[in-house]
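Structure, as structure tokens:
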Amino acid sequence: MNFKKVRLILFLLLSIPSYQVFSQEAKQKQKYVMVIHGGAGTILKSQMTPEKEKAYKAALALALETGFRRIKAGESSINAVEAAVRIMEDSPLFNAGKGAVFTNEGKNELDAAIMDGNTLMAGSVAGVTTIRNPVSAARAVMEKSEHVMMVGKGAEKFAGQAGLEIVDPKYFWTKDRWESLQKVKRQDSIKAMEGAGEKKSLKLGTENRDSKFGTVGAVALDKQGNLAAATSTGGMTNKKYGRVGDAPLIGIGTYANKLVGISCTGWGEFFIRNVVAHDVAALMEYKNKTVEEASSEVVMKKVPALGGDGGLIALDRDGNVAMPFNTAGMYRGTVTSDGKIEVFIYKE
Ligand code: ASP
């Protein structure tokens, strides 16, 4: 072997460890610690003004920053998801808290859930009309009651006793959502006239619904390696009084265990029938699928196979993220352990 070759081999051998260190560092940096969504649906660039797009991106970034600060300070993933979801509940841009959609009766009935992947403790509320931040009520149910789910007036009474802020139902009213309800109702009555006498199909209402969802959700991984997930929503425009969607149902719209955390958005009835969030976790646990494979199997195949649409966010214990959706867009964003924030709206 000549001297040149020896030098080359030596150089290569010496550079392997540093390369490994570098690639490990790069991997560490890419590890995601939080992922959020602000709803999936017919979100088209052609229908968006630059101002609106800017406002959505800023709200998503603020939610990510708020959750990330908690993680960085060593707080639990439960604290992080609650904090991020509260920001989006307080923003009129999203269909959760202020800015929630209206029921057929013209009310705002809110659903929310939260789950701790480490302990499998969970809490949720449904059909509440006076709790400013339903995600915090879900957390109170999880931590301060012996129950998992509370609905309506009982949940409101409990939230008040737990010291949460109670507001007049008018607080949730926004002009945009009110106009959406009027539009959907107009379409509904035209449809009803056209279809009078016809056999009611399961799909009745498909064209009449407001095709923008806007539920919010967050999944976080804390420094202790624990996952948590939370979801909050006003449900679907023109929903019948008392209807409960997938968001507050543990294992469907919201789920977390030691392996993965998931929060969903979409046409709730189809998510319920597909038991979406737990199905993703089960595909990972029992079939060894990656978070990406499991999420896309459910969102891109199983949900549309029944006729449903929507998306989800999922984060696994190694910091891998999946954000599949079968709609035109989904408000979403991520933050990595080094604080890098990214937000997206359309298909990239
Ligand atoms: N999944 C929600 C529901 O059906 C709606 C949404 O995601 O916006 O209640």
Side-chain angles (χ1 to χ4, degrees), residues 36-43 56 59-60 85 88-89 91-104 107-114 124-129 134-135 138 149 151 172 174 176-177 180-181 184 205-206 208-219 229-255 262-280 295 298-299 302-304 306-314 323-332 345:
I36 61 169
H37 71 81
T42 317
I43 307 160
Y56 272 106
L60 291 169
V85 167
M88 293 186 280
E89 283 179 341
S91 162
L93 294 174
F94 303 103
N95 170 20
K98 172 121 188 125
V101 299
F102 287 91
T103 65
N104 177 269
K107 288 186 184 163
N108 304 108
E109 292 182 0
L110 315 171
D111 303 336
I114 195 162
S124 76
V125 293
V128 296
T129 58
V135 71
M149 185 169 198
V151 306
F172 299 107
T174 55
D176 268 12
R177 301 296 190 193
S180 294
L181 174 68
V184 172
T206 308
N208 310 335
R209 72 195 173 89
D210 184 6
S211 50
K212 286 182 256 19
F213 305 112
T215 291
V216 306
V219 184
T231 314
S232 182
T233 186
M236 290 178 73
T237 304
N238 201 29
K239 67 183 181 183
K240 296 290 178 295
Y241 20 85
R243 177 262 193 190
V244 173
D246 59 312
L249 304 178
I250 300 303
I252 297 180
T254 309
Y255 188 69
I262 297 138
S263 170
C264 301
T265 169
W267 195 346
E269 278 67 15
F270 293 91
F271 279 65
I272 295 172
R273 291 163 60 202
N274 271 301
V275 197
V276 167
H278 190 266
D279 198 26
V280 171
S295 313
V298 179
V299 171
K302 292 186 171 186
V303 171
L306 289 188
D309 52 359
L312 63 79
I313 53 166
M323 305 187 283
F325 53 96
N326 59 37
T327 48
M330 180 166 86
Y331 299 107
R332 61 202 188 280
I345 300 179

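Worth knowing before you read on, the calculation uses all heavy atoms, side chains too, and leaves out hydrogens, waters and symmetry mates. First listed ligand is number 1; within each ligand, the first listed atom is number 1.
Between Glu269 and Arg243 there is a salt bridge, since at least one side-chain N of the basic residue sits less than 4.0 Å from a carboxylate O of the acidic one.
In this structure, Asn326 contributes its side chain and Val299 its backbone to a donor-acceptor pair below 3.5 Å. Within the 3.5 Å criterion, the main-chain N or O of Gly245 finds no donor-acceptor partner in the side chain of Lys239.
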Would you mind writing out a table of all protein N or O atoms found under 3.5 Å from any N or O atom of ligand 1, naming both atoms and giving the distance to 0.1 Å?
{"residue": "ligand 1", "atom": "1 (N)", "partner": "Asp246", "partner atom": "OD1", "Å": "2.7"}
{"residue": "ligand 1", "atom": "1 (N)", "partner": "Gly266", "partner atom": "O", "Å": "2.6"}
{"residue": "ligand 1", "atom": "4 (O)", "partner": "Arg243", "partner atom": "NH1", "Å": "3.4"}
{"residue": "ligand 1", "atom": "4 (O)", "partner": "Arg243", "partner atom": "NH2", "Å": "2.8"}
{"residue": "ligand 1", "atom": "4 (O)", "partner": "Asp246", "partner atom": "OD1", "Å": "3.4"}
{"residue": "ligand 1", "atom": "4 (O)", "partner": "Gly266", "partner atom": "O", "Å": "3.4"}
{"residue": "ligand 1", "atom": "4 (O)", "partner": "Gly268", "partner atom": "N", "Å": "2.9"}
{"residue": "ligand 1", "atom": "7 (O)", "partner": "Thr215", "partner atom": "OG1", "Å": "2.7"}
{"residue": "ligand 1", "atom": "7 (O)", "partner": "Thr265", "partner atom": "OG1", "Å": "2.8"}
{"residue": "ligand 1", "atom": "7 (O)", "partner": "Gly266", "partner atom": "N", "Å": "2.8"}
{"residue": "ligand 1", "atom": "7 (O)", "partner": "Gly266", "partner atom": "O", "Å": "3.4"}
{"residue": "ligand 1", "atom": "8 (O)", "partner": "Gly214", "partner atom": "N", "Å": "3.1"}
{"residue": "ligand 1", "atom": "8 (O)", "partner": "Thr215", "partner atom": "N", "Å": "3.3"}
{"residue": "ligand 1", "atom": "8 (O)", "partner": "Thr215", "partner atom": "OG1", "Å": "2.6"}
{"residue": "ligand 1", "atom": "9 (O)", "partner": "Arg243", "partner atom": "NH1", "Å": "2.8"}

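Among residues two or more places apart in sequence or in another chain, the salt bridge (Lys or Arg N to Asp or Glu O under 4.0 Å) test is passed with Lys98 by none.
Below 30°, between 30° and 60°, or above 60°: for Tyr56 and Tyr331 the angle between ring planes is below 30°, a parallel geometry.
When Val101, Leu110, Thr129 are each tested for a side-chain contact (heavy atoms from CB on, under 4.5 Å) with Phe172, only one passes: Leu110.
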